[in-house]
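Keep in mind that the numbers below use all heavy atoms, side chains included, and drop hydrogens, waters and symmetry copies. As the structure is a prediction and not an experimental result, all values here were calculated from the model.
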Amino acid sequence: CGSKVGKSPSPVIAKLLQNLPWMCQNYKTGCREIKMNGEDLKHHQVKCIFRQVFCPRIVCEERKVLFKDVLDHLNICLQKTMWKEKMPHEEVDKFIVWIDTGLQLENDDSWAPTKLTSTCGGVFFTSKYVKNETLYVWICLLGSSDEAKKFSVTYSVKNKVGENLIYTGPVHTLDKNYEAIITSGSLLGIGIEAVKRSLDEENGFKFEIIIRNLKEEAKDEDMESGVSDGE
């Protein structure tokens, strides 16, 4: 309801309220979901389309937007249609991403997000940001944290001097801002000097992204072993 509650709410009142229906915390932004069980409500709020998430564009002035409005917001925020990355030679869930670095790579440089759509229909956004003389690269799923656990991502960079940089880790969501994602360490980080050694003739930096659908892979393994979902 928006009223302030002290640090030590009354246990008597809490007991009286425990059997009453729970309203989603995103009521003020449009959600009208009501649950009788606290765990059910918690599960709903993680994926509620009326929750506020962070815009994939790091320099967005609004910063936060309703989950259900992310794609429409990006068309306005970017002032153009978002670039959609393609799968080269129809290789399943492999994307080649190229960014124009310009003549220099400086701290706080960032690039507009691009959109990746996996073969299972999952929508992801790329993010690229320079901090502490390091280029950080990561992707975010347009979905909930529970849905993100179904995926894994591998980033790889190869250059002409024989360096091969690879990182495999989790997929993030828009529920975290870019500072929290960088602090987590679960992303590709490359020193600026290594990035410069990897630039092409047009001062572009190219890297590969492979998205793995862990749930589908587990299903395939069960089928190969003869184990059904009900066993």
Side-chain angles (χ1 to χ4, degrees), residues 1-11 13-85 110-129 138-151 153 170-184 186-187 211 213-215:
C1 64
S3 64
K4 295 183 179 180
V5 179
K7 293 183 178 180
S8 301
S10 167
I13 299 300
K15 188 171 182 63
L16 291 172
L17 295 175
Q18 67 181 1
N19 294 322
L20 295 179
W22 297 76
M23 185 170 289
C24 177
Q25 65 183 9
N26 300 307
Y27 178 86
K28 291 184 178 180
T29 54
C31 184
R32 295 296 180 265
E33 193 77 18
I34 297 176
K35 300 291 185 181
M36 293 300 297
N37 181 279
E39 284 300 315
D40 290 343
L41 180 67
K42 183 178 179 180
H43 180 71
H44 160 76
Q45 289 177 159
V46 168
K47 60 180 182 179
C48 179
I49 64 172
F50 291 94
R51 73 187 189 276
Q52 287 192 316
V53 296
F54 290 91
C55 174
R57 183 173 178 241
I58 292 173
V59 295
C60 174
E61 294 182 359
E62 293 185 33
R63 294 205 71 189
K64 302 193 82 172
V65 61
L66 295 188
F67 177 84
K68 69 180 185 66
D69 297 331
V70 169
L71 293 175
D72 290 337
H73 165 78
L74 280 169
N75 289 332
I76 298 173
C77 181
L78 297 174
Q79 298 182 344
K80 60 181 179 181
T81 302
M82 174 177 283
W83 177 260
K84 299 177 182 178
E85 304 289 355
S110 65
W111 290 262
T114 57
K115 181 181 177 183
L116 298 78
T117 303
S118 66
T119 52
C120 70
V123 175
F124 304 82
F125 303 111
T126 64
S127 292
K128 293 85 66 176
Y129 183 70
W138 68 94
I139 65 171
C140 286
L141 170 70
L142 183 61
S144 68
S145 56
D146 287 342
E147 293 169 327
K149 294 176 183 177
K150 302 174 184 177
F151 298 94
V153 60
V171 167
H172 296 281
T173 68
L174 301 177
D175 296 283
K176 287 185 178 180
N177 62 21
Y178 73 93
E179 293 103 331
I181 293 174
I182 292 175
T183 300
S184 74
S186 298
L187 71 171
I211 299 173
N213 187 325
L214 303 178
K215 185 175 181 180

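Heavy atoms from other residues, nucleotides or ligands lying under 6.0 Å from CD of E179 number more than 12. Within 6.0 Å of the NZ atom in K42, the count of heavy atoms belonging to other residues, nucleotides or ligands does not exceed 12.
Interatomic distance, NZ of K64 versus CG of L174, reported as 11.0 Å (0.5 Å rounding). Remark: C60 SG to I58 CD1 distance equals 11.0 Å, nearest 0.5 Å. Residue I34 holds its CD1 atom at 10.0 Å from NE2 of H44, rounded to the nearest 0.5 Å. To the nearest 0.5 Å, atom CG of residue D69 and atom CG of residue N75 are 11.5 Å apart.
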Review item, side-chain donor-acceptor pairs of residues 110-127, under 3.5 Å, at least two apart:
unit_1	atom_1	unit_2	atom_2	d
W111	NE1	D100	O	2.8
T114	OG1	E85	OE2	3.1
T114	OG1	T126	OG1	2.6
S118	OG	G122	N	3.1
T119	OG1	D93	OD1	3.2
T119	OG1	D93	OD2	3.2
T126	OG1	T114	N	3.0
T126	OG1	K128	NZ	3.1

Donor-acceptor pairs are to be reported for all side-chain atoms of residues 48-56 against protein atoms at under 3.5 Å, with residues two or more places apart or in another chain.
unit_1	atom_1	unit_2	atom_2	d
R51	NE	V46	O	3.4
R51	NE	D175	OD1	2.8
R51	NH1	K47	O	3.4
R51	NH1	C48	O	2.9
R51	NH2	G143	O	3.1
R51	NH2	D175	OD2	3.4

Item checked: Check against side-chain contact (heavy atoms from CB on, under 4.5 Å), R63 and N177 -> CA-CA 9 Å; R63 294 205 71 189; N177 62 21; 3.9 Å; yes
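Residues satisfying the salt bridge (charged side-chain N to carboxylate O under 4.0 Å, His left out) test with D40, not counting sequence neighbours, are none. Under the salt bridge (charged side-chain N to carboxylate O under 4.0 Å, His left out) criterion, K35 pairs with E33, not counting sequence neighbours. For Q45, the side-chain hydrogen bond (donor to acceptor under 3.5 Å, both in side chains) criterion is met by no residue, not counting sequence neighbours. Legend: residues meeting salt bridge (charged side-chain N to carboxylate O under 4.0 Å, His left out) with E147, ordered by chain and number and at least two apart, are absent.
When every heavy atom of N37 is checked against every heavy atom of E39, the shortest pair comes out as OD1-N, 2.7 Å. The two atoms that bring C140 and V171 nearest to each other are C-CG1, 4.4 Å, heavy atoms only. Minimum heavy-atom separation, M36 to W22: O-CD1, 3.9 Å.
With a 4.5 Å cut-off on side-chain heavy atoms, S186 and H172 count as touching. Considering only heavy atoms from C-beta on, I211 comes within 4.5 Å of F151 through its side chain. Taking 4.5 Å as the limit, every side-chain heavy atom of L214 sits out of range of all side-chain heavy atoms of K150.
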